[in-house]
Amino acid sequence: MASTIFSTSSSLPTAVKGLDCNTYKPTLGNLRFIASPNKKSIAAPKPLFPVVRATSDVPVKTGLSDAECEAAVVAGNVPEAPPVPPTPLAPAGTPVVPSLPLSRRPRRTRRSPALRAAFQETSISPANFVYPLFIHEGEEDTPIGAMPGCYRLGWRHGLLEEVAKARDVGVNSIVLFPKVPDALKTPTGDEAYNDYGLVPRTIRMLKDKFPGLVIYTDVALDPYSSDGHDGIVREDGVIMNDETVHQLCKQAVAQARAGADVVSPSDMMDGRVGAIRGALDDAGFQHVLIMSYTAKYASSFYGPFREALDSNPRFGDKKTYQMNPANYREALVEVHEDESEGADILLVKPGLPYLHIIRQIRDNSPLPIAAYQVSGEYSMIKAGGILKMIDEEKVMMESLLCLRRAGADIILTYFALQAARCLCGEKR
């Protein structure tokens with residue numbers, strides 16, 4: 001076979017060993033292949049196109065038109081590309097077996113990061129987080145021993161800084177929990193609806209500084225009660241339901257009057273959602289949402305939180321109003337009541353140990369679902385990370401993703417700032 005060169009009807013030499021596409025623009029009319037009479041050896045065709053290598057830079061363009069490129073390929077001058085990669089070798093000793101007759105191999109969609117991302121069913125973003133923040137009357141931020149990285153924030157100083165940091169990474173929702181001075185605590189928790197109390201003052205200040213901030217509040221008497229319970233305690237130790245609900249309604253209205261966007265009854269009294277809805281509407285706060293703690297279990301995971309607020313019950317426990325951790329179907333009873341009474345959001349607390357409850361409610365209610373990743377869950381992950389027993393960041397993100405996967409639309413988590421920074425690619 002003779003070597004193949006270009007010859008044209010223009011002023012170029014008869015035999016051209018190669019074509020410089022930067023200085024000459026051929027046309028289909030003047031381009032033809034001829035055999036060289038002077039060459040005895042066989043040579044491969046000189047390619048029109050640069051050879052493409054996987055490790056090289058992007059090839060320089062030839063300047064050919066689409067039609068010219070197609071014509072070159074039709075004529076057999078096919079651009080080179082990287083070769084077919086070799087089949088990876090198995091380790092020595094691997095048995096040779098016939099391929100399994102499988103029509104479906106789920107691992108196909110897990111082969112690469114791009115494929116896994118394309119078929120990921122659950123996503124998470126900073127917008128899904130509600131950041132619980134502890135506040136107190138002092139000016140300094142006080143570390144909470146059982147919750148590494150968490151503080152009782154000075155309501156006029158540290159709180160503003162923490163909210164600003166959270167908003168910088170897309171967390172625009174917070175929920176406030178006050179540490180109330182012991183001198184203001186009473187058996188009936190009257191400080192809960194003081195318009196000049198810590199929470200209403202803080203709400204007004206935050207709304208003045210950050211008008212777009214979404215503020216959730218806690219509606220319960222335990223931070224304000226000298227008994228440490230969520231309701232009024234009778235002398236025989238019984239938590240009084242209806243009388244407590246009366247106080248909660250006044251508390252919710254005071255919070256709404258200060259500017260709260262979402263009031264969140266966490267007390268677990270019967271009928272409190274409907275009563276609060278009526279009180280808010282009567283006071284002109286029809287726009288304020290109610291996030292009901294629908295399935296709040298009498299859990300041992302709350303310990304660090306009670307240290308943060310110094311709100312442990314003075315006696316007994318909360319099992320006569322919070323749900324039994326052994327119960328599953330009972331959650332649907334609470335869902336039905338809260339829906340019928342006007343709740344806007346249904347919350348499950350704790351979070352990770354109760355994923356099946358979140359899923360059950362998700363499957364049985366059209367309302368938005370919230371999950372509370374409580375203090376005990378947070379502290380366990382923190383402790384494991386400090387002791388180098390787990391990768392804190394990976395476990396943190398996996399736990400939050402699991403709550404989303406179970407059906408939670410929003411997550412109350414002390415990891416909100418740290419997780420949002422992780423999602424935004426920032427260093428901790």
Side-chain angles (χ1 to χ4, degrees), residues 126 129-185 191-192 194-220 222-224 228 251 254-255 258-264 266 291 302-312 372-379 381-382 396 410-422 426 428:
F129 300 146
V130 179
Y131 195 8
L133 296 172
F134 302 110
I135 55 175
H136 69 152
E137 295 284 7
E139 294 186 349
E140 301 299 325
D141 299 338
T142 305
I144 299 168
M147 299 179 68
C150 289
Y151 298 81
R152 293 176 188 153
L153 300 168
W155 71 281
R156 289 175 295 177
H157 304 92
L159 175 64
L160 294 178
E161 295 172 6
E162 195 72 5
V163 169
K165 287 188 288 186
R167 284 166 59 87
D168 283 345
V169 287
V171 178
N172 202 40
S173 298
I174 65 163
V175 56
L176 297 172
F177 293 103
K179 197 282 182 188
V180 177
D182 288 343
L184 295 177
K185 296 181 180 180
E191 180 66 15
N194 177 5
D195 285 325
Y196 300 96
L198 178 57
V199 169
R201 273 185 278 127
T202 301
I203 295 171
R204 293 195 295 270
M205 182 194 64
L206 287 172
K207 283 295 185 179
D208 181 67
K209 180 70 174 178
F210 308 107
L213 181 68
V214 178
I215 300 178
Y216 292 68
T217 56
D218 181 49
V219 179
D222 51 326
Y224 309 92
Q251 181 184 16
Q255 293 171 349
D261 300 285
V262 187
V263 297
S264 311
S266 63
M291 179 176 71
Y302 305 149
F305 176 94
R306 290 171 183 167
E307 176 189 323
L309 296 187
D310 190 21
S311 62
N312 276 303
Y372 200 144
Q373 186 183 49
V374 299
S375 58
E377 300 173 67
Y378 170 87
S379 295
I381 294 174
K382 278 291 184 181
M396 167 189 71
I410 58 173
I411 304 168
L412 283 68
T413 175
Y414 304 99
F415 283 121
L417 177 57
Q418 183 179 343
R421 284 175 170 171
C422 180
E426 293 187 13
R428 281 187 291 165

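Scope of the values below: all heavy atoms of this structure, side chains included, with no hydrogens, waters or symmetry mates. The shown structure was predicted, so the numbers you read here are calculated from the model rather than taken from an experiment.
Aromatic ring centroids of Tyr414 and Phe305 lie 6.0 Å or more apart.
Atom CG of residue Leu133 and atom CG of residue Leu153 lie 6.0 Å apart, to the nearest 0.5 angstrom. To the nearest 0.5 Å, atoms CD1 (Ile174) and CG (Asp261) are separated by 9.5 Å. Distance check: Lys185 NZ to Asp222 CG gives 9.0 Å after rounding to the nearest 0.5 Å. For the atom pair CG (Leu176) and CD1 (Ile215), the distance works out to 6.0 Å, reported to the nearest 0.5 Å. Taking OH from Tyr151 and NE2 from His136, the interatomic distance works out to 12.0 Å, rounded to the nearest 0.5 Å. For the atom pair Asp195 CG and Gln255 CD, the distance stands at 10.5 Å (nearest 0.5 Å).
Contact between Pro132 and Tyr372 at its shortest, heavy atoms only, is CB-OH, 3.8 Å. The minimum heavy-atom distance linking Ser264 with Tyr216 is given by the pair OG-CD2, 4.0 Å. Taking each heavy atom of Val169 and Arg421 in turn, the nearest pair found is CG1-CG, 3.9 Å. Considering every non-hydrogen atom in both Val199 and Pro178, the closest pair reads CG2-CG, 3.6 Å. Of all heavy-atom pairs between Met396 and Cys422, the closest is CE-CB, 4.4 Å.
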side-chain contact (heavy atoms from CB on, under 4.5 Å) for Asn194 and Tyr224? Distances and angles first, verdict last. CA-CA 11 Å; Asn194 177 5; Tyr224 309 92; over 6 Å; no
Derivation of the side-chain contact (heavy atoms from CB on, under 4.5 Å) call for Met291 and Ile410: CA-CA 11 Å; Met291 179 176 71; Ile410 58 173; 4.2 Å; yes
Candidate pair Val171 and Leu417, rule side-chain contact (heavy atoms from CB on, under 4.5 Å), full reasoning: CA-CA 7 Å; Val171 178; Leu417 177 57; 6.0 Å; no
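Of the possible polar contacts, none joining the Arg204 side chain to the Ala258 backbone as a donor-acceptor pair under 3.5 Å is found. Using modelled atom types, one side-chain atom of Lys207 and one backbone atom of Leu213 make a donor-acceptor pair closer than 3.5 Å. Side chain of Gln251 to main chain of Ala220: a donor-acceptor pair is present (N/O by atom type, distance under 3.5 Å, no hydrogens or angles).
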Distance-only donor-acceptor hits, side chain of residues 158-167, under 3.5 Å, sequence neighbours excluded:
residue, atom, partner, partner atom, Å
Glu162, OE1, Lys165, NZ, 3.2
Glu162, OE2, Tyr131, OH, 2.6
Arg167, NH1, Asn172, OD1, 2.4

What side-chain donor-acceptor pairs closer than 3.5 Å can you find for residues 138-148, not counting sequence neighbours?
residue, atom, partner, partner atom, Å
Asp141, OD1, Gly154, N, 3.0

